[in-house]
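Worksheet: one structure, shown below.
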Amino acid sequence: MIRPRTARGQQLGEFLASKRRAQPRAALGLPPGNRRSETGLSREEVATLAGMSVSWYTWLEQGRDINASDQVLHAIARVLQLTEPETDYVRALAAPGPAQQPPPPDDAPPHLLNLIRSFSFPAFILTSDWTIVGWNAGYEWLYGPIVAAPVEERNLLRIIYTDPRNRELLPNWERDSRSFLAEFRAESGVRLSSERHRSLIESLTELSPEFRTQWAEQTVSRFTSRLRTFTHPTDGELVFEHHRLVPSDAADMHVVIYAPAPHGADATQRTTGTIGTIGTIGTSDGGTR
């Protein structure tokens with residue numbers, strides 16, 4: 001019986017194939033492969049080292065609809081030397097579940113908008129496909145173009161890869177964009193096969209060569225709070241602590257905050273002072289509240 005391919009299975013297969021081809025052979029005690037290559041394993045080698053049949057592993061890479069046990073998945077993760085976030089990503093894709101995920105909401109709940117309005121530093125709200133559905137005056141001060149952007153372009157990934165003004169804002173754009181993309185893949189997981197996610201990826205693949213290159217790298221990592229540096233068009237270099245909160249009553253959304261770093265008191269003063277002159281909060285329909 002030929003097992004059918006699934007969107008989730010194909011996503012898993014592409015990820016496994018990418019990691020298999022990039023695996024250093026010496027790390028597993030293997031000699032150079034064909035054409036004396038130092039990297040890359042064959043499917044047969046992965047199956048043998050993981051203690052499974054070649055056919056079964058081949059079906060996984062082909063995106064076939066099969067049920068792989070945790071034991072098998074962990075064996076593959078060991079051979080491919082996957083990180084913990086990468087292993088979780090593989091397990092999520094391989095787990096049985098609904099073929100379709102519910103679409104992200106189009107609006108932020110009023111109580112979340114009230115929450116970020118109370119902050120004296122930049123904050124905004126993301127849906128699962130990283131659409132920005134709300135922001136406060138601090139974020140408007142930091143990234144002014146968000147106000148005039150059409151609703152369909154208010155997506156953090158789209159902004160990162162297609163808006164040159166954002167690149168001017170991020171002196172470490174190369175590093176930051178890669179971090180964002182790895183986190184987006186990890187968080188999206190099975191949702192990457194949804195219509196909204198697929199449309200976003202296809203659009204950015206066409207619009208941005210940098211996105212196309214980085215997306216093909218199949219990097220996966222969890223979000224970690226960290227310091228972020230911005231070059232503001234009028235206020236110069238600013239350092240913030242980048243945090244994300246997941247509301248317990250809106251788990252499919254993230255509240256992103258840029259809190260001034262402890263050593264950045266000057267940034268705090270500049271942020272607070274500027275917010276006082278704006279006094280509005282953005283909403284998903286482009287109005288103010």
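If you're wondering where the values come from, they're calculated on a predicted model, not measured in any experiment. All residue numbers refer to positions in the sequence shown, counting from 1.
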**Item:** CG on Leu82 to CD on Gln23, rounded to 0.5 Å
**Value:** 8.5 Å

**Item:** side chain to side chain donor-acceptor pair (under 3.5 Å) against Arg21, all qualifying residues, sequence neighbours excluded
**Value:** none

**Request:** Check the pair Gln62, Gln10 against side chain to side chain contact (heavy atoms under 4.5 Å, CB included), reporting the backbone distance first and the verdict last.
**Result:** CA-CA 6 Å; Gln62 289 177 342; Gln10 287 182 276; over 6 Å; no

**Item:** Which residues share a side-chain contact (heavy atoms from CB on, under 4.5 Å) with Pro150, sequence neighbours left out
**Value:** Glu152, Glu153

**Asked** Is there a donor-acceptor contact under 3.5 Å from the side chain of Thr48 to the main chain of Glu44?
**Response** yes

**Asked** Taking only residues two or more places apart in sequence, or in another chain, which ones meet Phe230 in a ring pair (Phe, Tyr, Trp, His ring centres under 6.0 Å)?
**Response** Phe240, Tyr258

**Asked** Within the side chain of His232, is there an N or O that forms a donor-acceptor pair under 3.5 Å with the backbone of Trp141?
**Response** yes

**Message:** For a 4.5 angstrom cut-off between non-hydrogen side-chain atoms, does Leu169 reach Thr231?
**Reply:** no

**Prompt:** Less than 4.5 Å apart, any side-chain heavy atom of Tyr57 and any of Ser55?
**Reply:** no

**Greater than 12 external heavy atoms within 6.0 Å of Gln81's CD** = yes

**Note, Pro262 side chain near Glu241 side chain (heavy atom, < 4.5 Å)** = yes

**Request:** Answer yes if Ile160 and Val256 sit in the same cluster of Ile, Leu, Val, Met, Phe, Trp and Tyr residues linked by side chain heavy atoms under 4.5 Å apart, and no otherwise.
**Result:** yes

**Request:** For Glu174, enumerate each residue passing the side chain to side chain donor-acceptor pair (under 3.5 Å) test, keeping only those at least two apart in sequence or located in another chain.
**Result:** Arg178

**Message:** Is the shortest side-chain heavy-atom distance between Ile132 and Ile159 below 4.5 Å?
**Reply:** yes

**Complete:** Sequence neighbours excluded, the answer for side chain to side chain donor-acceptor pair (under 3.5 Å) partners of Ser225 is His243

**Item:** For Glu45, all residues meeting salt bridge (Lys or Arg N to Asp or Glu O under 4.0 Å), sequence neighbours excluded
**Value:** Arg25

**Prompt:** Out of curiosity, Leu170 CG to Thr229 OG1, how far, rounded to the nearest 0.5 Å?
**Reply:** 9.5 Å

**Asked** Listed by chain and number, what are the salt bridge (Lys or Arg N to Asp or Glu O under 4.0 Å) partners of Asp70, not counting sequence neighbours?
**Response** Arg91

**Request:** Please answer whether the main-chain N or O of Phe121 pairs with a side-chain N or O of Asn136 as donor and acceptor at a distance below 3.5 Å.
**Result:** yes

**Message:** In this structure, would Leu207 and Trp130 fall into the same cluster of hydrophobic residues linked by side-chain contacts under 4.5 Å?
**Reply:** no

**Prompt:** Is there a donor-acceptor pair closer than 3.5 Å between any side-chain N or O of Arg154 and the backbone N or O of Val147?
**Reply:** yes

**Message:** Please give me the minimum heavy-atom distance between Pro32 and Glu38, naming the atom from each residue.
**Reply:** CG-OE2, 3.7 Å

**Message:** I want to check something: taking the side chain as every heavy atom from C-beta on, are Pro104 and Ser128 in contact at a cut-off of under 4.5 Å?
**Reply:** yes

**Prompt:** What pairs of residues pass the ring-ring contact (aromatic ring centres under 6.0 Å, His included) test when at least one of them lies in residues 190-212, not counting sequence neighbours?
**Reply:** Tyr161-Phe211, Phe184-His197, Phe211-Trp215

**Heavy-atom check, side chain of Gln214 versus side chain of Ser177, under 4.5 Å** = yes

**Request:** Any chance you could measure Leu238, atom CG, to Leu142, atom CG, to the nearest 0.5 Å?
**Result:** 7.0 Å

**Request:** Give a yes or no on whether Phe223 and Val255 share a hydrophobic cluster (residues Ile, Leu, Val, Met, Phe, Trp, Tyr; joining criterion: side-chain heavy atoms under 4.5 Å apart).
**Result:** no

**Asked** Hey, are Asp129 and Arg191 close enough for a salt bridge, meaning a charged N less than 4.0 Å from a carboxylate O?
**Response** no

**Request:** Walk me through it: do Ile116 and Tyr139 pass the test side chain to side chain contact (heavy atoms under 4.5 Å, CB included)?
**Result:** CA-CA 10 Å; Ile116 64 174; Tyr139 188 67; over 6 Å; no

**Asked** Should Leu126 and Val133 be marked as a side chain to side chain contact (heavy atoms under 4.5 Å, CB included) after you check the CA-CA gap, both sets of side-chain angles, and the distance that decides it?
**Response** CA-CA 6 Å; Leu126 292 177; Val133 292; over 6 Å; no

**Message:** With a 3.5 Å distance limit and no angle check, can you tell me whether Glu86 reaches the backbone of Thr83 through a side-chain donor-acceptor pair?
**Reply:** yes

**Asked** Taking Ser18 for the side chain and Glu14 for the main chain, is one N or O donor matched with an acceptor at less than 3.5 Å?
**Response** no

**Request:** Just jot down the salt bridge (Lys or Arg N to Asp or Glu O under 4.0 Å) partners of Arg167, sequence neighbours excluded, or say none.
**Result:** Glu210

**Message:** Could you check whether Glu61 pairs with Arg43 (Lys NZ or Arg NE/NH1/NH2 to Asp/Glu carboxylate O, under 4.0 Å)?
**Reply:** yes

**Request:** Flag the pair Leu30 / Leu49 as yes when at least one side-chain heavy-atom distance between them is below 4.5 Å, and no otherwise.
**Result:** yes

**Request:** Any chance you could measure Thr87, atom OG1, to Ile76, atom CD1, to the nearest 0.5 Å?
**Result:** 10.5 Å

**Asked** Given the rule that I, L, V, M, F, W and Y join up when any side-chain heavy atoms are under 4.5 Å apart, are Phe180 and Val246 in one cluster?
**Response** no

**Message:** Does Glu217, at its CD atom, have more than 12 non-hydrogen atoms belonging to other residues, nucleotides or ligands within less than 6.0 Å?
**Reply:** yes

**Asked** Are the side chain of Thr205 and the backbone of Ile201 linked by a donor-acceptor contact shorter than 3.5 Å?
**Response** yes

**Fill in**
Residues passing the side-chain contact (heavy atoms from CB on, under 4.5 Å) test with Val190, sequence neighbours excluded, are Arg8, Leu93, Gln101

**Prompt:** For Arg185, what residues pass the salt bridge (Lys or Arg N to Asp or Glu O under 4.0 Å) criterion, not counting sequence neighbours?
**Reply:** none

**Request:** Give the C-alpha distance, both sets of side-chain angles, the deciding distance and a yes or no for side chain to side chain contact (heavy atoms under 4.5 Å, CB included) between Asp176 and Arg228.
**Result:** CA-CA 9 Å; Asp176 289 345; Arg228 295 279 310 285; 3.6 Å; yes

**Nearest heavy-atom neighbours spanning Pro145 and Asp163** = CB-OD2, 4.2 Å

**Item:** From CA spacing to verdict: side-chain hydrogen bond (donor to acceptor under 3.5 Å, both in side chains), Glu168, Trp173
**Value:** CA-CA 8 Å; Glu168 295 173 358; Trp173 184 89; over 6 Å; no

**Request:** Drop me the distance from Thr131's OG1 to Asp106's CG, to the nearest 0.5 angstrom.
**Result:** 8.0 Å

**Message:** Using the rule that Ile, Leu, Val, Met, Phe, Trp and Tyr join whenever any side-chain heavy atoms are under 4.5 Å apart, tell me whether Ile257 and Met253 fall into a single cluster.
**Reply:** yes

**Request:** For residues Arg198 and Leu192, determine if any side-chain heavy atom of one lies less than 4.5 Å from a side-chain heavy atom of the other.
**Result:** no

**N-O pairing of Glu84 and Arg222 below 4.0 Å** = yes

**Request:** Measure the CG-CG distance between Leu12 and Leu60 for me, rounded to the nearest 0.5 Å.
**Result:** 6.0 Å

**Prompt:** Where the side chain of Arg64 meets the backbone of Thr6, is there a donor-acceptor pair that is under 3.5 Å apart?
**Reply:** no

**Asked** Can you name the closest pair of heavy atoms from Ala75 and Ala50 and give their distance?
**Response** CB-O, 3.5 Å

**Request:** Provide the closest heavy-atom pair for Val220 versus Pro85 in the form atom of the first, atom of the second, distance.
**Result:** CG1-O, 3.8 Å

**Request:** Applying side chain to side chain donor-acceptor pair (under 3.5 Å), name anything that partners Ser203, two or more places apart in sequence or on another chain.
**Result:** Arg158

